[in-house]
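Report on the structure given below.
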Amino acid sequence: MIKESSHGQWSGQAVFIMAATGSAVGLSNIWRFPYLAGEYGGGIFVLIYLVCLALIGLPVIMTEIMIGRMGKQSPINSIRKISEQNGRSRHWQTIGWMAVLASFLILSFYSVIAGWSMAYVFRTFTGVFDGITQDGASAVFGYLVNDPERLLAWHTIFILLTYAVVSRGVKRGLEPAVKILMPSLLALLLIMLAYAINEGEFFKGIGMMLFPDAGQLGSVKNLGFVILAAMGQAFFTLSLGAGAIMIYGAYLPSNVSITNVSITIVLLDMLFAIIAGMIIFPILLSTGLNDVVFNNGLDGAYGPGLVFQTLPLAFGQLSWGNLFGGVFFILIVIAALTSSIALLEPIVTYLVERYSWSRRHAASLSSLIAWILGLGTILSFNVWSDFHPLASIELFANKTVYHLLDMLASNILLPLGGLATVIFAGWILPWRMAEDELSMGQEYCGFALWRIAVRYSAPVLLFIVFVYSLLKAMGYLADTP
Ligand code: PHE
């Protein structure tokens with residue numbers, strides 16, 4: 001058995017945890033989780049989310065790391081190798097193809113949005129939002145997204161940063177990058193937390209996150225929506241189904257316990273999301289802007305609206321808001337960069353294996369394609385904002401190119417890939433092989449639990465998420481309960 005992936009190996013457990021947590025912690029922790037908690041029932045949502053992390057997140061992340069470490073190659077070739085070794089159809093590698101496609105598509109729009117955050121670092125530091133009005137903040141955002149050249153410049157810079165890390169490989173690129181970026185991310189997070197405690201209405205803010213207006217979970221039907229939203233979030237935030245965790249698992253030394261690192265990553269990702277909420281809520285509350293986001297039902301109030309319009313407005317009213325607003329956007333950029341590295345890695349490793357290219361060459365070509373694909377997202381906000389490629393299909397009638405890319409990746413490819421992965425691990429892979437990999441020759445009582453999860457509970461739950469995501473993407477289900 002080969003001991004190390006031909007692409008390299010993490011120098012230890014701590015670096016792997018930093019890299020995988022970096023992949024997990026991203027835009028969704030900052031703008032999606034706090035919004036979902038505020039909107040879908042606070043503490044109850046958090047509780048449901050925790051259950052989802054335990055029932056789906058943990059078994060799937062363990063499975064992806066395990067498959068990666070068994071195959072030690074790109075997701076496509078790892079799955080193919082394991083299948084062939086065990087006399088199974090090589091077509092299971094389709095899972096790897098879906099993952100690579102998903103990560104590629106996500107990278108193309110992730111980079112554009114990370115570019116907005118970079119633009120906002122400068123806008124906040126230079127005091128653009130000082131005492132600005134709501135209309136003013138919307139205008140600043142509009143001015144940015146309506147200018148394709150500006151968006152293109154920031155998108156290019158962000159893709160180049162990602163390229164700079166990935167093209168240097170595991171030992172000289174990814175590992176040094178996460179060793180610098182992850183401690184910085186933690187430091188900035190703590191600085192922002194201290195600021196929120198000092199400036200914002202901290203305890204009231206946390207109260208609002210955990211105990212929003214009662215009655216939101218009134219009917220059973222609503223509870224169903226909340227559970228499904230929590231499941232989808234658990235999946236996306238852990239970077240599952242995109243090959244990212246699988247390729248990072250391929251570089252994991254064989255003496256590290258997959259169970260331990262998986263639990264750690266899930267907990268850290270959760271902690272990061274909760275702290276993001278502890279920063280955002282007190283700040284919004286102290287400026288009275290929580291109403292704008294949560295009670296007026298503003299269109300697009302979450303995601304871009306929350307981060308790029310409402311929060312800058314709040315920072316503009318607080319003392320030292322320029323400085324700390326800038327710090328907040330740097331934090332977002334770093335969180336996005338450690339995710340985008342993980343999004344580029346699966347395709348680069350595949351090209352290196354398939355064509356024996358140098359990593360630099362493979363990284364250049366894949367970055368270039370992601371960059372070109374990103375143009376579709378950039379134009380969706382301005383020149384092509386009325387261009388709806390699938391207009392002839394009623395369900396997709398008003399979706400822009402960006403919407404369609406996002407839907408295809410997040411709503412279809414990720415959950416489907418996750419579902420296929422657990423079926424592969426639970427029903428196709430010889431279970432002794434999984435047991436060896438997970439127990440590493442020691443007494444291991446978690447295996448039975450993992451096996452039940454990947455054979456039964458996770459596939460059933462993921463199937464539900466998939467159908468739900470699909471219905472939602474097609475517009476059969478509304479966004480809010
Ligand atoms: N987990 C990242 C986030 O929460 C997104 C991501 C998905 C990154 C898939 C890598 C792979 O923003």
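Start at 1 and go down the list; that is how both ligands and their atoms are numbered.
Below 3.5 Å of separation, one finds no N or O of Val25 facing any N or O of ligand 1. Taking any N or O of Leu238, backbone or side chain, none lies under 3.5 Å from an N or O belonging to ligand 1.
Protein heavy atom nearest atom 9 (C) of ligand 1, with residue, atom name and distance: Ser239 CA, 3.5 Å. Nearest protein heavy-atom neighbour of atom 4 (O) of ligand 1: Ser28 OG, 2.4 Å.
Between Glu345 and Arg359 there is a salt bridge, since at least one side-chain N of the basic residue sits less than 4.0 Å from a carboxylate O of the acidic one. Under 4.0 Å is where a charged nitrogen must lie from a carboxylate oxygen, and between Glu4 and Lys72 no such pair does.
Between Trp371 and Tyr163, the gap from one ring centroid to the other reaches at least 6.0 Å. The aromatic ring centroids of Phe129 and Phe315 lie 6.0 Å or more from each other. The distance between the ring centers of Phe125 and Tyr120 does not fall below 6.0 angstrom. Proximity of the aromatic rings of Trp384 and Tyr402 is defined here by a centroid distance below 6.0 angstrom, and this criterion is not met. A centroid separation of less than 6.0 Å is found between the aromatic rings of Trp97 and Tyr350.
Near Asn29, meaning under 4.0 Å from one of its heavy atoms, ligand 1 places the atoms 4 (O). The ligand atoms of ligand 1 that sit less than 4.0 angstrom from a heavy atom of Ala242 are 9 (C), 11 (C). Heavy-atom proximity to Thr237, at under 4.0 Å, picks out these atoms of ligand 1: 1 (N), 4 (O). Applying the 4.0 Å criterion to heavy atoms of Ala24 picks out, from ligand 1, the atoms 1 (N), 2 (C), 3 (C), 4 (O).
With a 4.0 Å heavy-atom cut-off, ligand 1 is reached by the side chain of Tyr110 but not by its N, CA, C or O. At a heavy-atom distance under 4.0 Å, no atom of Ala342 approaches ligand 1.
Of the possible donor and acceptor atoms, none in the side chain of Gln13 sits under 3.5 Å from a partner among the backbone N and O of Val261.
Under a 4.0 angstrom heavy-atom cut-off, Ser103 registers as lying outside contact with ligand 1.
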